[in-house]
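One structure is given here, and the rest of the page talks about it.
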Amino acid sequence: MIERLKRSIPATVYLIFIFFAVIFTGFITPDGIGKGESVYLLIVTLESVAFLLPSIIYCHTKGFDYTKGLEIKIPELSKLPVVFSGLFAMISLNVLLSLVFMNPEKQQETGQIVGGEVQLENVNVIGVIIALAVIPAICEEFVFRAVLMRDYNKYGAMFSIICTSLMFAMIHYDISGFPIYFTSGIFLAMTVYITRSIVCSILVHAMYNIYSLFFEGWFWSSVTQNVNLVMIIFIAVAVLLLSLLFFFSAAEKIFVDYADVGIKAPEGYKKEKKDFEKADNEDGGEKRAVVAEVLPQIGICFLIFIVYIIVKG
């Protein structure tokens with residue numbers, strides 16, 4: 001138990017640092033630092049400091065063997081159907097959730113800068129895509145779908161997917177958008193679980209960010225004014241169901257391919273029994289490990305989330 005607690009401390013500190021880093025960087029906006037490339041450089045720097053730098057340090061302390069389970073690999077072309085079907089499923093589901101939890105009239109063409117916003121008017125489109133779509137996708141996927149899933153998968157794939165999605169939703173510090181971030185996190189985590197590559201989840205995440213930056217505001221301001229709301233809901237549900245059908249069909253094919261070559265489970269998602277060898281009872285030891293290692297991390301991050309939301313008002 002003591003050894004498990006010792007191993008959990010770096011992970012807890014790592015998460016706390018990231019949650020506070022996102023809050024602090026949220027106070028830094030491009031206003032007053034000039035225009036052009038300096039804005040994009042600031043955004044990339046903020047993302048890197050908040051997510052990548054602490055992740056690299058954390059992985060370094062874990063050692064080389066730890067990085068083998070981060071699923072950093074180039075996927076085969078056969079896994080692209082999971083990427084695109086997952087993307088359309090995320091978009092259609094988030095349209096439906098936005099109608100329930102958010103006011104469509106307040107949807108605007110803005111980009112997130114780790115808590116700040118920048119208007120997408122008269123800007124360098126390539127710079128916006130790189131700084132507000134690609135870099136955030138890389139940074140966030142590395143934290144939540146590489147590092148955290150690597151840490152939590154020893155308790156089972158479902159546990160890892162749900163917990164990392166919960167963390168992903170909390171790190172955005174947005175109550176109204178919480179269901180959208182949570183469900184998006186689930187799709188992104190499932191994409192990694194199915195394809196065994198965070199490159200796939202980065203692609204989905206980046207393309208969804210591009211949709212949010214350039215098309216979501218247009219959708220709510222133009223489409224919703226010209227199309228009946230019932231029709232929008234019908235189309236969104238139809239697209240969601242079709243996307244889920246293709247998503248799980250592609251997933252089934254991939255897992256059949258895994259079985260054909262003798263791979264019984266994705267690497268890194270088998271329970272690591274060595275963590276529980278010293279426990280008197282394996283099941284009881286696993287439960288105690290979850291309580292000792294994971295729940296404090298989630299609890300502390302949830303507390304930070306709640307306090308910030310209350311203070312922010």
Side-chain angles (χ1 to χ4, degrees), residues 15 18-19 22-23 26 85-112 114-115 117 132-133 136-137 140-141 143-145 148-149 152 157-193 201 204-213 215-217 219-221 223-224 229-230 232-244 247-248 294 297-313:
L15 285 170
I18 289 179
F19 268 73
V22 170
I23 293 175
S85 58
L87 172 65
F88 284 107
M90 280 177 56
I91 292 175
S92 55
L93 178 58
N94 291 351
V95 167
L96 295 172
L97 292 175
S98 295
L99 291 172
V100 175
F101 295 101
M102 303 179 71
N103 184 356
E105 296 180 357
K106 295 183 179 180
Q107 299 285 349
Q108 300 176 349
E109 287 190 48
T110 58
Q112 288 299 111
V114 199
E117 294 182 345
L132 295 178
E140 293 175 11
E141 290 309 299
V143 171
F144 296 101
R145 258 65 68 175
L148 286 186
M149 284 189 72
Y152 294 163
M158 186 60 65
F159 180 88
S160 178
I161 289 171
I162 292 177
C163 287
T164 55
S165 300
L166 182 63
M167 293 284 197
F168 179 70
M170 290 192 293
I171 202 70
H172 288 86
Y173 297 106
D174 184 357
I175 287 291
S176 61
F178 191 94
I180 294 176
Y181 290 119
F182 179 71
T183 54
S184 296
I186 289 178
F187 275 111
L188 292 167
M190 289 178 64
T191 298
V192 175
Y193 176 70
S201 66
V204 176
H205 196 153
M207 288 189 289
Y208 182 83
N209 286 346
I210 291 173
Y211 157 77
S212 298
L213 289 169
F215 301 105
E216 188 173 31
F219 174 82
W220 292 113
S221 63
V223 176
T224 54
L229 183 61
V230 175
I232 292 176
I233 295 174
F234 176 80
I235 294 174
V237 170
V239 172
L240 175 61
L241 293 177
L242 286 174
S243 299
L244 289 176
F247 184 82
F248 289 111
V294 180
Q297 296 171 9
I298 297 177
I300 292 172
C301 292
F302 180 73
L303 180 62
I304 297 172
F305 170 77
I306 291 298
V307 170
Y308 180 76
I309 291 297
I310 294 174
V311 172
K312 186 179 179 181

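FYI, side chains are in, hydrogens and waters are out, and symmetry mates aren't considered; it's all heavy atoms of this structure. It should be emphasised that the depicted structure is a prediction, and the values quoted were computed from it without experimental measurement.
- Summarising the geometry of Ile298 relative to Cys163, their closest heavy-atom pair is CD1-SG, 3.6 Å, with the distance given to 0.1 Å.
- Put simply, the side chain of Met207 does not reach to within 4.5 Å of the side chain of Met90, judged on heavy atoms.
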For His205 and Phe144, what are the C-alpha separation, side-chain angles and deciding distance, and is it a ring-ring contact (aromatic ring centres under 6.0 Å, His included)?
CA-CA 12 Å; His205 196 153; Phe144 296 101; 9.1 Å; no

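- Side-chain atoms of Tyr208 and Phe187, non-hydrogen and from C-beta on, never get closer than 4.5 Å to each other.
- Residues Ser92 and Ala236 share a closest heavy-atom pair of CB-O, 3.4 Å.
- We find the CE-CG distance between Met167 and Leu15 to be 5.0 Å, quoted to the nearest 0.5 Å.
- In this structure, Glu141 CD and Phe168 CZ are separated by 6.5 Å, a value rounded to the nearest 0.5 Å.
- Atom-to-atom distance recorded for Phe302:CZ and Leu166:CG is 8.0 Å, nearest 0.5 angstrom.
- Atom OG of Ser98 is separated from atom CD1 of Ile91 by 11.5 Å, given to the nearest 0.5 angstrom.
- Minimum heavy-atom separation, Ala137 to Ala206: CB-N, 3.6 Å.
- Taking CD1 of Ile180 as the reference point, atom CG of Asp174 lies at 8.0 Å (rounded to 0.5 Å).
- Within a 6.0 Å sphere centred on CZ of Phe88, other residues, nucleotides and ligands contribute 12 heavy atoms or fewer.
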Hey, mind stepping through Phe178 and Met170 against side-chain contact (heavy atoms from CB on, under 4.5 Å) and telling me if it holds?
CA-CA 7 Å; Phe178 191 94; Met170 290 192 293; 3.7 Å; yes

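- Val95 has its side chain out of reach of Val239: every pair of non-hydrogen atoms, C-beta onward, lies at least 4.5 Å apart.
- The shortest distance between side-chain heavy atoms of Met149 and Ile161 falls below 4.5 Å.
- Looking at every heavy atom in both residues, Ala89 comes nearest to Leu240 through O-CD1, 3.6 Å.
- Closest approach of Thr183 to Leu93, counting heavy atoms only: CB-CD2, 3.8 Å.
- The side-chain heavy atoms of Thr191 and Phe247, taken from C-beta on, include a pair separated by under 4.5 Å.
- At a threshold of 4.5 Å between non-hydrogen side-chain atoms, the residues Val237 and Leu241 count as touching.
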Start with the C-alpha distance between Leu96 and Ile233, add both sets of side-chain angles, then the distance that settles side-chain contact (heavy atoms from CB on, under 4.5 Å), and finish with yes or no.
CA-CA 7 Å; Leu96 295 172; Ile233 295 174; 4.1 Å; yes

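- The main-chain N or O of Phe19 is found under 3.5 Å from a side-chain atom of Tyr173 such that the two form a donor-acceptor pair.
- Distance check, rounded to the nearest 0.5 Å: CD1 of Ile18 to CD1 of Ile171 gives 6.5 Å.
- Between Ser201 and Arg145, the shortest heavy-atom distance links the atoms OG-CB, 4.2 Å.
- In this structure, Leu97 and Asn94 have side chains that are in contact, with non-hydrogen atoms separated by less than 4.5 Å.
- Within the 4.5 Å cutoff, side-chain heavy atoms of Val204 are placed close to those of Leu188.
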